[in-house]
K.L.:
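Below is the structure I would like to discuss, written out as structure tokens.
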Amino acid sequence: MRNNEETEGFDGEASNTSMISGANSPYQPTTEPVHSRNVFRSIRCDLDYIKSHFGILKVIEVVLALISFIFIETIMMCSPCAGVYLFEFVSCSAFVVTGVLLLIFSLNLHTKVPHINWSLTDLINTATSTLFFFLASVVLAALNHQTGAEIAAVIFGFLVTAVYGLNTFLAVRRWRLGDSRDGPLQTSEYIRARTASRGEVESRPELQ
């Protein structure tokens, strides 16, 4: 009997000790949801951005840059080739960078990284593309050999330059006014997410 009582007492002390050590352990299980697992589940196509002025201009820029790149790639012989190579590099780079930004904005991926100034990033891209497309089109027009592909590339080069110029003008005006209602930054989903997170912090005073 004594052995049994001693065994039960030992078990009780062990259980109490494990409970105390578990309570003091820094590795506590949590019931809070892990939001990082749901990051990609919230990705959706933002039709409002695609239908906006900036979305439409970006789609046109991507299409015209691709057409310009296709025309310049059809040139088989050139001498000198500096104008062709410059136009090829500019059209390919503009197509890739603008296409990536269009994908980021249309899928609301920019809301996952709010620390980046996306309006300024878009402004830098459009201004740089305007300048380099204009220079590449002028150089290609001065050094071309009057072939059909070169003439078509020059025409589309100046067209996409005009579109990028209009986009740059609108982006500069938005940046100066500090108004992003027509831009991709402050979507209704992003505002709701920030409001919800702020309300959660206010409801938990121990975090303040």
K.L.:
Drop me the distance from I70's CD1 to C92's SG, to the nearest 0.5 angstrom.
P.N.:
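Rounded to the nearest 0.5 Å, the CD1-SG separation comes out at 11.5 Å.
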K.L.:
For L170 and L57, what are the C-alpha separation, side-chain angles and deciding distance, and is it a side-chain contact (heavy atoms from CB on, under 4.5 Å)?
P.N.:
CA-CA 10 Å; L170 295 177; L57 288 175; 3.8 Å; yes
K.L.:
Calculate, to the nearest 0.5 Å, the distance between atoms CG and OH belonging to L143 and Y85 respectively.
P.N.:
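Rounded to the nearest 0.5 Å, the CG-OH separation comes to 13.0 Å.
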K.L.:
If only atom types and distance count, is the side chain of N117 paired as donor or acceptor with the main-chain N or O of L120 below 3.5 Å?
P.N.:
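The answer is yes, because a donor-acceptor pair under 3.5 Å joins these two groups.
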K.L.:
Using side-chain contact (heavy atoms from CB on, under 4.5 Å) as the criterion, list what pairs up with F95, not counting sequence neighbours.
P.N.:
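With sequence neighbours excluded, F95 shows a side-chain contact (heavy atoms from CB on, under 4.5 Å) to V62, A65, L66, given in chain and number order.
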K.L.:
Suppose we screen for side-chain contact (heavy atoms from CB on, under 4.5 Å). Which residues come up paired with A149, at least two apart in sequence or across chains?
P.N.:
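If we apply the side-chain contact (heavy atoms from CB on, under 4.5 Å) test to A149, skipping adjacent residues, the hits are T74, I75.
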K.L.:
Could you check whether any side-chain heavy atom of K58 comes within less than 4.5 Å of a side-chain heavy atom of T126, counting everything from C-beta outward?
P.N.:
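A side-chain contact exists here, since the closest heavy-atom pair is under 4.5 Å.
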K.L.:
If you define the side chain from C-beta out and look only at heavy atoms, does anything of L86 sit under 4.5 Å from L140?
P.N.:
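No, their side chains stay 4.5 Å or more apart.
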K.L.:
Mind checking whether F71 and F156 have ring centres under 6.0 Å apart?
P.N.:
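Judged by ring-centre distance (under 6.0 Å), F71 and F156 do meet the cut-off.
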K.L.:
Can R174 be said to sit on top of F169's aromatic six-ring, NZ or CZ under 6.0 Å from centre and within 45° of the ring axis?
P.N.:
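Checked: cation-pi criterion not met.
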K.L.:
Please report the shortest heavy-atom distance between E61 and V163, naming the atom on each side.
P.N.:
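Heavy atoms only, the tightest pair is CG-CG1, 3.5 Å.
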K.L.:
Less than 4.5 Å apart, any side-chain heavy atom of L102 and any of Y49?
P.N.:
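They are in side-chain contact.
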K.L.:
Tell me, with the steps shown, if I56 and I50 meet side-chain contact (heavy atoms from CB on, under 4.5 Å).
P.N.:
CA-CA 6 Å; I56 294 174; I50 297 178; over 6 Å; no
K.L.:
Should D122 and F105 count as side-chain neighbours, where that means a heavy-atom distance under 4.5 Å?
P.N.:
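In short, these two side chains touch, coming nearer than 4.5 Å.
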K.L.:
What residues form a side-chain contact (heavy atoms from CB on, under 4.5 Å) with L131, not counting sequence neighbours?
P.N.:
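Result, side-chain contact (heavy atoms from CB on, under 4.5 Å) vs L131: L135.
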K.L.:
Rounded to the nearest 0.5 Å, how far does OG of S106 lie from CG of D48?
P.N.:
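Interatomic distance, D48 CG to S106 OG, rounded to 0.5 Å: 12.0 Å.
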K.L.:
Kindly write out the residues that satisfy side-chain hydrogen bond (donor to acceptor under 3.5 Å, both in side chains) with T130, not counting sequence neighbours, or none if the list is empty.
P.N.:
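Here the qualifying residues are T168.
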K.L.:
Can you tell me how far the CG atom of L107 sits from the NZ atom of K112, to the nearest 0.5 Å?
P.N.:
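Rounded to the nearest 0.5 Å, the CG-NZ separation comes to 10.5 Å.
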K.L.:
Looking at CD1 of I60 and OH of Y164, how far apart are the two atoms once the value is rounded to the nearest 0.5 Å?
P.N.:
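Going from the CD1 atom of I60 to the OH atom of Y164 covers 11.5 Å.
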K.L.:
Taking CZ in F134 as the centre, count heavy atoms belonging to other residues, nucleotides or ligands within less than 6.0 Å. Is the count above 12?
P.N.:
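No.
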K.L.:
Tell me every residue that passes side-chain contact (heavy atoms from CB on, under 4.5 Å) with T128, counting only those two or more places apart in sequence or in another chain.
P.N.:
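T128: side-chain contact (heavy atoms from CB on, under 4.5 Å) contacts with I124, F132.
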K.L.:
Can you name the residues that form a side-chain hydrogen bond (donor to acceptor under 3.5 Å, both in side chains) with T147, not counting sequence neighbours?
P.N.:
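T147 satisfies side-chain hydrogen bond (donor to acceptor under 3.5 Å, both in side chains) with E150 once adjacent residues are dropped.
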K.L.:
Between V139 and G83, which heavy-atom pair has the shortest distance, and what is it?
P.N.:
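Between these two residues, the closest heavy atoms are CG1-CA, 3.7 Å.
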K.L.:
Measure the CG-CG distance between L64 and L159 for me, rounded to the nearest 0.5 Å.
P.N.:
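Answer for the CG-CG pair, L64 versus L159, is 6.5 Å.
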K.L.:
Please report the closest heavy-atom contact between S91 and F133, naming both atoms and the distance.
P.N.:
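Where S91 meets F133 most closely, the heavy atoms are CA-CZ, 3.6 Å.
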